[in-house]
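For reference, the structure discussed in these notes is given below.
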2 protein chains.
Amino acid sequence: MTDKIDISLQKAQDECSRTGLRMTDKRCNVLKILLQASGPLSAYEIADQFKSTFAESLSAMSAYRMLDFLMQANLVHKLETSNQYLACSHISCEHKHELPQFLICDKCHTVKEIGLSKQLLKELKDSIENTGFALSSQQLELHGVCKGCQLIHAD
Amino acid sequence: MTDKIDISLQKAQDECSRTGLRMTDKRCNVLKILLQASGPLSAYEIADQFKSTFAESLSAMSAYRMLDFLMQANLVHKLETSNQYLACSHISCEHKHELPQFLICDKCHTVKEIGLSKQLLKELKDSIENTGFALSSQQLELHGVCKGCQLIHAD
DNA sequence: TATAATATGTTATAACATAACATTTATCAA
DNA sequence: TTGATAAATGTTATGTTATAACATATTATA
Ligand SMILES: [Zn+2]
Ligand SMILES: [Zn+2]
Ligand SMILES: [Zn+2]
Ligand SMILES: [Zn+2]
């Protein structure tokens with residue numbers, strides 16, 4: 001049985017072939033680590049996990065370079081508010097996002113990549129661009145407390 | 001003539017007195033540097049400017065502590081996407097913000113603290129909280145290119 | 001195969017942030 | 001006023017995140 005991670009890796013490979021990007025083994029394994037991770041990881045954590053998972057060295061410097069590649073390929077996002085990296089949730093589906101949006105739980109540190117309504121995003125975009133400011137495709141990072149943690153830490 | 005910076009400093013003092021927060025000379029001078037700055041500054045830049053402006057030492061460690069205080073007092077904001085600090089634009093007015101919003105120009109690095117409409121913020125908040133996620137008062141940091149830079153760097 | 005371009009390895013260092021403990025200054029009860 | 005306490009600041013060390021610079025290896029392609 002091929003699981004979701006394998007499907008995502010295959011899709012990532014295919015997409016890179018199609019667009020002429022070079023998905024090397026190491027880059028693929030960095031992506032694999034992020035796909036398997038239960039939450040976002042720092043570049044140094046990724047390098048450490050790479051070493052223990054694949055019994056192969058990877059310097060933090062290399063991790064940063066591979067993350068840069070994966071971000072350019074839209075396979076990985078960086079959380080700018082926490083300096084961590086995560087695999088895009090939409091690799092295995094066809095869903096394309098112009099403006100990724102993340103809900104970050106400050107208790108358990110899980111991150112949910114959500115899709116706000118087109119309507120709402122349009123209003124937000126219009127409202128900002130009316131001031132003359134040209135938005136680059138930047139993401140929304142919203143912090144708070146997830147459902148699970150609200151139940152646990154009810155105080 | 002008392003300028004806007006002096007008014008802001010006075011207001012900050014008053015507000016601290018009222019709420020029992022201790023606004024020391026050093027803290028006040030850190031705020032002054034941010035009020036005078038043409039853009040957001042890193043903690044280390046603040047320490048450097050403090051030294052040259054007031055001919056008095058300030059370690060980066062102290063700068064961080066004073067920034068923490070000023071943020072708690074809602075006089076200073078931190079840009080989480082660039083690790084920089086700036087004075088709140090609304091010290092001298094009565095305007096209170098629950099969710100500060102920043103437009104950050106990636107060319108000239110100026111930052112504008114804006115106020116999106118209550119209506120739009122409510123829609124955004126509702127839309128997120130419908131997923132069960134409880135937003136903490138987090139800010140929006142939106143990157144792009146400001147009006148001025150669009151004219152200059154038209155390419 | 002020779003050449004160039006790209007990817008990765010390696011070392012050093014810059015930039016951002018916190019920990020831990022000492023000293024000074026402010027607050028307040030006796 | 002003074003002594004105890006708490007808060008602020010000084011100081012040093014260290015942890016964390018990120019980039020620079022140059023060497024070597026791998027891949028593409030002419
Ligand atoms: Zn995504
Ligand atoms: Zn949670
Ligand atoms: Zn503000
Ligand atoms: Zn600009």
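The structure displayed is predicted, hence computed values, not measured ones. Letters A, B, ... are given to chains in the order of the sequence lines, protein chains preceding strands, and every chain is numbered from 1.
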Is a donor-acceptor contact shorter than 3.5 angstrom present between the side chain of B/Y44 and the base of C/dA14?
-> no
Does B/Y64 get its side chain close enough to the base of C/dA19, under 3.5 Å, for a donor-acceptor pair?
-> no
Nucleotide of [options] approaching [X] most closely (side-chain heavy atoms):
X	options	value
A/R22	D/dT17, D/dA28, C/dT18	D/dA28
B/M66	C/dT8, D/dG10, C/dT18	D/dG10
A/R27	C/dT8, D/dA21, D/dT12	C/dT8
A/S42	C/dT8, C/dT18, D/dT17	D/dT17
B/K26	D/dA20, C/dT8, D/dT9	D/dT9

B/Q84 and B/S42: side chain donor to acceptor below 3.5 Å | no
State, without any angle test, whether B/E123 and B/Q119 hold a side-chain donor-acceptor pair at a distance under 3.5 Å.
-> yes
Please check the phosphate of C/dT8 (OP1 and OP2 only) for any side-chain N or O of A/S59 closer than 4.0 Å.
-> no
Short side-chain N/O contact from B/N83 to OP1 or OP2 of D/dT17, under 4.0 Å = no
Sorted by position of nearest nucleotide on DNA chain C, 5' first, the leading residue of B/Y85 and B/R65 is B/Y85
Report the distance from atom [atom1] of [X] to atom [atom2] of [N], rounded to the nearest whole Å.
X	N	atom1	atom2	answer
B/M61	C/dA20	CE	C1'	10 Å
A/K51	C/dT10	NZ	C1'	13 Å
B/D68	C/dA19	CG	P	11 Å
A/K78	D/dT17	NZ	P	10 Å
B/I46	C/dA15	CD1	C1'	14 Å
B/M23	D/dA8	CE	C1'	14 Å
A/E56	C/dA7	CD	P	17 Å
A/D48	D/dG15	CG	P	14 Å

Residues which pass side chain to side chain donor-acceptor pair (under 3.5 Å) with A/K125, listed by chain and number, not counting sequence neighbours | none
Evaluate the side-chain proximity of B/V111 to B/E141: yes if any heavy-atom separation is below 4.5 Å, no if none is.
-> no
Compare all side-chain heavy atoms of B/M66 with those of B/K26 and state whether any distance is below 4.5 angstrom.
-> yes
